[in-house]
Amino acid sequence: MMEVIEGCRLPVLRRNQENEDEWPLAEILSVKDINGRKVFYVHYIDFNKRLDEWVTPERLDLKKIQFPKKEAKTPTKNGLPGSRPNSPERELKRKLEAVSLATQCSPVTPVTAASEIPTPVYAQNGSARRPVSVGAGRKRKANCLGTDEDSQDSSDGIPSAPRMTGSLVSDRSHDDIVTRMKNIECIELGRHRLKPWYFSPYPQELTSLPVLYLCEFCLKYLKSLKCLQRHLTKCNLRHPPGNEIYRKGTISFFEIDGRKNKNYSQNLCLLAKCFLDHKTLYYDTDPFLFYVMTEYDCKGFHIVGYFSKEKESTEDYNVACILTLPPYQRRGYGKLLIEFSYELSKVEGKTGTPEKPLSDLGLLSYRSYWSQTILEILMELKSENGERPQITINEISELTSIKKEDVISTLQYLNLINYYKGQYILTLSEDIVEGHEKAMMKRHLRIDSKCLHFTPKDWSKRGKW
């Protein structure tokens with residue numbers, strides 16, 4: 001055990017979803033001593049960070065240990081480690097390489113036929129495969145949703161650079177060893193106990209507690225059950241602060257201004273960071289609106305999930321961060337949050353898209369929602385005068401408020417776009433139709449636009465929000 005240090009890689013025993021033992025390769029991120037016995041914090045290579053955990057020595061395969069490579073340091077003239085001084089030849093070579101690189105990185109981007117798709121037009125008939133003619137139109141570039149699969153591991157994003165006031169998402173590339181490790185053991189929120197997936201910047205003195213207690217209505221964090229009980233005698237909230245803009249049955253949505261309700265918004269972001277694998281800038285909530293979904297019972301309105309959006313987005317983002325809390329996942333609430341975000345976009349008269357890249361769970365939810373929504377539109381089309389019905393990408397986008405790039409990428413993902421007799425067509429196979437019908441039968445939760453009471457604001461005319 002003395003040999004195992006931070007940075008080592010070796011197989012570690014874990015139990016998979018099929019309840020079988022396996023030995024994936026893992027990296028040691030931290031070592032600590034508990035009552036004279038060492039335990040190791042491991043990250044399983046090529047697995048999501050939410051599976052990181054503390055393990056005991058018995059689970060390590062020491063026979064296949066890989067030690068971290070030491071970086072070689074070149075001594076300087078003074079005998080101290082440092083970089084070797086440049087010779088005139090090396091300096092000239094470096095400049096030539098820089099010029100060559102600048103030439104290679106010129107802004108000229110070749111466009112291939114595969115990267116562009118004309119505006120398609122849909123038609124259907126009664127056959128098993130229904131060809132769809134695609135009308136001539138202005139060519140549009142197929143967009144970038146493919147980058148989501150490659151750029152991100154799972155929960156919610158790795159944008160290219162941090163934006164302190166424009167986004168709740170920032171770059172993870174400079175994470176240090178502290179933020180790579182879960183720091184909260186357990187969270188008690190109402191009747192649920194949650195096991196966090198990722199690091200969240202709660203005060204350091206709270207990270208050593210076995211359980212962190214949260215008020216489920218104002219989300220204030222407290223260090224003990226007694227403190228929580230005392231807080232509940234003084235907390236008058238039984239629902240999130242802000243305006244209730246939707247209610248149907250037991251489901252409600254509340255709109256919260258990040259400037260007017262700063263404490264709640266910051267506490268919400270701290271909680272969300274436990275389940276989102278990107279940094280949430282909880283201290284800068286002024287430019288954001290938060291839409292919190294709740295379930296109502298006799299005790300009050302209990303938080304189920306939320307999404308945030310910028311008050312002003314130059315890139316048509318209608319969602320910055322989105323989360324369904326773990327106790328409510330796999331029950332249709334994720335799609336309900338997404339559907340609600342697009343309902344708001346419809347009222348605003350805009351098309352929207354989530355801030356990218358998406359997490360693995362976010363990408364699955366959005367692709368499923370986009371697929372079901374677009375197929376719903378296509379299958380409702382009816383032929384006129386015996387001809388194939390037609391619809392353009394623009395019309396699909398206007399009907400659904402889904403951005404055109406997302407519509408095209410979804411059609412590509414479903415493999416519906418084909419080239420047939422000199423034109424682009426969409427084809428719906430019986431398998432796709434049957435799969436869609438089964439999925440829609442399981443989708444019981446839907447947004448009723450009649451229950452939405454929302455008046456959009458023009459934030460560009462409201463000064464500093």
Side-chain angles (χ1 to χ4, degrees), residues 107 109-122 132 134-152 156-161 163 166-167 169 307-310 312-322 334-335 337-346 348-378 390-419 423-428 432:
T109 305
V111 179
T112 62
S115 67
E116 295 194 350
I117 294 180
T119 306
V121 180
Y122 174 83
V132 186
V134 176
R138 190 176 54 168
K139 291 188 176 182
R140 305 184 182 280
K141 290 184 180 179
N143 193 18
C144 54
L145 271 194
T147 60
D148 292 346
E149 297 171 307
D150 304 324
S151 62
Q152 138 158 359
D156 298 309
I158 316 172
S160 56
R163 296 185 297 161
S167 173
V169 181
F307 68 89
S308 57
K309 64 184 288 187
E310 295 177 79
E312 289 184 275
S313 174
T314 57
E315 302 180 60
D316 297 327
Y317 291 140
N318 63 357
V319 167
C321 286
I322 185 168
K335 281 199 184 71
L337 281 167
I338 295 171
E339 186 177 3
F340 189 78
S341 71
Y342 281 105
E343 283 296 327
L344 297 184
S345 295
K346 289 177 184 178
E348 293 170 340
K350 301 176 181 177
T351 59
T353 186
E355 191 165 325
K356 307 215 177 51
L358 295 165
S359 66
D360 60 345
L361 299 180
L363 182 60
L364 287 172
S365 298
Y366 266 95
R367 276 200 170 148
S368 177
Y369 172 79
W370 289 334
S371 300
Q372 291 178 8
T373 304
I374 293 170
L375 286 173
E376 204 171 19
I377 295 290
L378 298 182
Q390 297 185 340
I391 189 169
T392 65
I393 291 289
N394 285 339
E395 289 170 339
I396 295 174
S397 182
E398 289 171 5
L399 287 170
T400 61
S401 282
I402 300 173
K403 205 169 183 181
K404 285 178 284 188
E405 290 84 355
D406 295 335
V407 173
I408 293 172
S409 70
T410 303
L411 293 173
Q412 290 175 323
Y413 172 72
L414 294 172
N415 201 25
L416 298 185
I417 298 179
N418 294 282
Y419 193 72
Q423 60 182 346
Y424 285 95
I425 62 169
L426 302 180
T427 55
L428 289 180
I432 289 179

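Checking side-chain atoms of Ser401 against main-chain N and O of Lys350 turns up a donor-acceptor pair under 3.5 Å. Side chain of Thr373 to main chain of Trp370: no donor-acceptor pair is present (N/O by atom type, distance under 3.5 Å, no hydrogens or angles). At distances below 3.5 Å, not a single donor-acceptor pair connects side-chain atoms of Ser397 with backbone N or O atoms of Ile393.
The side-chain heavy atoms of Val319 and Leu337, taken from C-beta on, include no pair separated by under 4.5 Å. Residues Ile396 and Leu378 are in side-chain contact: their nearest non-hydrogen atoms beyond the backbone lie under 4.5 Å apart. Thr410 has its side chain out of reach of Ile402: every pair of non-hydrogen atoms, C-beta onward, lies at least 4.5 Å apart. Between Ile391 and Leu399 the shortest side-chain heavy-atom distance falls below 4.5 Å. Ile322 places none of its side-chain heavy atoms less than 4.5 Å from the side chain of Pro354. Taking the side chain as every heavy atom from C-beta outward, Leu375 and Leu428 approach each other to under 4.5 Å.
The line from OG1 of Thr400 to CD of Glu339 is 11.5 Å long, rounded to the nearest 0.5 Å. In this structure, Ile377 CD1 and Glu398 CD are separated by 11.5 Å, a value rounded to the nearest 0.5 Å. Considering OG of Ser345 and NZ of Lys403, their distance stands at 11.0 Å, rounded to 0.5 Å. Annotation: the span from Ile374 atom CD1 to Gln372 atom CD amounts to 11.0 Å, rounded to 0.5 Å. The distance from atom OG of Ser371 to atom CD of Glu376, rounded to the nearest 0.5 Å, is 12.0 Å. How far CG of Leu411 is from CD1 of Ile408: 8.0 Å, rounded to the nearest 0.5 Å.
A donor-acceptor contact closer than 3.5 angstrom links the side chains of Lys335 and Ser368.
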Just do the salt bridge (charged side-chain N to carboxylate O under 4.0 Å, His left out) check on Glu405 and Lys356 with the steps written out, would you? CA-CA 13 Å; Glu405 290 84 355; Lys356 307 215 177 51; over 6 Å; no
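Note: Tyr366 and Tyr342 have perpendicular aromatic rings, judged against thresholds of 30 and 60 degrees for the angle between ring planes.
In terms of heavy atoms, Asn318 sits closest to Lys309 at O-CB, 3.4 Å.
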